[in-house]
Protein chains: 2
Amino acid sequence: MPEPMQNGAFPAPSHDHDRCVRQAVAHAEQVCADRDLRLTPIRRRVLELIWTNHQPSKAYDLLEAIRGEPFSTAPPTVYRALDFLLDAGLIHRIESLNAYVGCDARHVAGSPMFLICRGCDRVAELPGTGVGKAIGRAAKRAGFAVDQETVEISGLCGGCADDA
Amino acid sequence: MPEPMQNGAFPAPSHDHDRCVRQAVAHAEQVCADRDLRLTPIRRRVLELIWTNHQPSKAYDLLEAIRGEPFSTAPPTVYRALDFLLDAGLIHRIESLNAYVGCDARHVAGSPMFLICRGCDRVAELPGTGVGKAIGRAAKRAGFAVDQETVEISGLCGGCADDA
DNA sequence: CGGCGCGCGTTATATTATTACATTCCGTCC
DNA sequence: GGACGGAATGTAATAATATAACGCGCGCCG
């Protein structure tokens with residue numbers, strides 16, 4: 001069973017976050033092993049850093065974070081790792097924030113949608129199933145062939161709404 | 001009656017584009033008059049430039065475009081005009097492209113969704129009604145209060161799919 | 001062993017956007 | 001009409017995000 005969640009989307013403040021990180025890294029190892037991809041030290045480290053919390057990470061903050069570690073701190077270092085992780089489906093880019101979050105794989109198939117809380121700055125990933133269908137219908141009506149869906153919703157998560 | 005459209009979304013190649021521009025500017029004038037906003041020369045010019053075609057405009061391309069016109073060509077000039085037009089609801093920002101398109105107001109109420117053709121680089125704005133409902137349901141289940149919806153779909157429009 | 005491809009380092013530069021402050025324009029109030 | 005005040009614009013500098021181009025080293029595979 002996963003950790004307790006507020007309605008299955010945003011993790012409860014008390015959740016065992018180390019476990020999120022461990023699971024994410026283990027999942028990444030599995031994926032890379034299965035698909036013959038190389039989870040190099042830099043790539044693994046960037047993935048860990050992204051999973052430091054449930055807030056989206058900015059590329060240049062990741063760069064800052066690896067200062068002092070034995071990696072280059074020039075921008076291409078982190079952008080290359082991000083590209084790899086994006087291609088591997090291990091992270092997502094949040095377009096409206098120019099930032100990156102770990103893929104929590106709860107959506108499994110289909111395009112996810114993202115809930116972005118402007119209170120705590122966390123992002124939750126939901127299965128975009130119903131939304132995807134509605135998009136498909138609208139696109140079909142317009143004679144449009146869908147490649148990729150970007151669905152990013154800003155607002156307040158349950159916890160932050162209670163605080164307000 | 002509006003110009004002939006391909007399924008009501010992407011304008012036909014033959015459409016009277018000057019008319020799009022004239023309508024957009026007239027609408028902007030109306031909106032600004034109604035709400036006591038000032039459609040200054042720069043703002044009007046930027047709006048016209050954005051309506052030059054149905055492709056999204058980049059901020060620095062707009063800046064280039066006003067070279068030689070009696071406006072400052074420093075970035076804040078165009079960003080301020082864009083902010084004004086965004087606030088007034090006269091244009092939209094396409095997050096996944098860092099670019100701006102004219103609001104065609106066909107959506108009327110509710111959040112629009114955008115179809116972005118990777119063939120011709122045009123963007124169509126659709127009413128996001130069905131999608132918005134699906135988003136609302138998913139958000140409610142997650143205990144999330146929605147402020148703003150960003151729905152951007154990439155793919156191929158009818159015309160470009162036929163070409164392929 | 002030789003070549004090839006991938007990952008990484010490095011430098012430079014491109015692209016997108018904002019901050020801060022000075023100046024000008026314009027309507028309002030006296 | 002003149003003084004004030006707020007909005008709009010000009011200007012210079014800089015911040016934030018992202019990519020291009022090139023070379024090196026290492027492991028794999030013939």
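Residue numbers start from 1 in every chain, and the chains themselves are labelled A, B, ... in the order their sequence lines are given, proteins ahead of strands.
When rounded to the nearest whole Å, the span between CD1 of Ile66(B) and P of dT11(D) equals 12 Å. Rounded to whole Å, the distance from CZ on Arg44(A) to C1' on dC8(C) is 18 Å. Summarising the geometry, the separation between CZ on Phe84(B) and P on dA7(D) is reported as 13 Å, rounded to the nearest angstrom. Remark: P of dA15(D) and CG of Leu63(A) are 16 Å apart, rounded to the nearest angstrom. Nucleotide dT16(C) holds its P atom 15 Å from the CD1 atom of Ile94(B), rounded to whole Å. For the pair Leu62(B) CG and dA17(C) P, the interatomic distance rounds to 11 Å; values are reported in whole Å. As rounded to whole Å, 13 Å separates atom P of dT17(D) from atom CD of Glu95(B). In this structure, the CD atom of Glu69(B) is 14 Å from the P atom of dT9(D), given to the nearest Å.
Side-chain nitrogen and oxygen atoms of Lys58(B) include none within less than 4.0 Å of the OP1 or OP2 phosphate oxygen of dT15(C). Between Arg80(A) and dT10(C) there is no side-chain polar atom (N or O) within less than 4.0 angstrom of OP1 or OP2. Checking the phosphate oxygens (OP1, OP2) of dA14(C), no side-chain nitrogen or oxygen of Tyr79(A) falls inside 4.0 Å.
Looking at Pro112(B) and His92(B), their side chains come closer than 4.5 Å, going by heavy atoms from C-beta outward. At a threshold of 4.5 Å between non-hydrogen side-chain atoms, the residues His15(A) and Cys20(A) count as touching. Inter-residue side-chain proximity for Thr77(B) and Val46(B) is flagged as unmet; no heavy-atom pair is nearer than 4.5 Å. Side chains of Ile50(B) and Leu82(B) form a contact here, defined as non-hydrogen atoms less than 4.5 Å apart. Counting only heavy atoms from C-beta outward, the side chains of Pro56(B) and Tyr100(B) never approach each other to under 4.5 Å.
Comparing Ala74(B) and Pro75(A) by the nucleotide of DNA chain D that holds the closest heavy atom to each, the one mapping nearer the 5' end is Ala74(B). Position along DNA chain D of the nearest nucleotide to Tyr100(A) versus Phe71(B) favours Phe71(B) as the more 5'-ward residue.
Residues Glu69(B) and Arg67(B) are not paired through a salt bridge, judged by the lack of any N-O separation under 4.0 Å between the basic side chain and the carboxylate.
Nearest to the side-chain atoms of Ser72(A) among the listed nucleotides dG9(C), dA17(C), dA18(D) stands dG9(C). Counting only heavy atoms from C-beta on, Arg93(B) has its side chain closest to dA17(C) among dT10(C), dA17(C), dA18(D). Of the candidate nucleotides dT18(C), dT10(C), dT11(D), dT11(D) has the atom nearest to the side chain of Thr77(B). Between dT17(D), dA20(D), dA17(C), one nucleotide has an atom nearer to the side chain of Tyr60(A) than all others, and that is dT17(D). Checked against dT17(D), dA13(D), dT10(C), the side chain of Asn98(A) finds its nearest nucleotide in dT17(D).
A donor-acceptor contact under 3.5 angstrom links the side chains of Ser96(A) and Glu152(A), judged on distance only.
Geometric assessment of Arg43(A) against the ring of Phe84(A) yields a positive cation-pi assignment under the 6.0 Å and 45° thresholds.
Less than 4.0 Å separates DNA chain D from no heavy atom of any residue of residues 27-43 of chain A.
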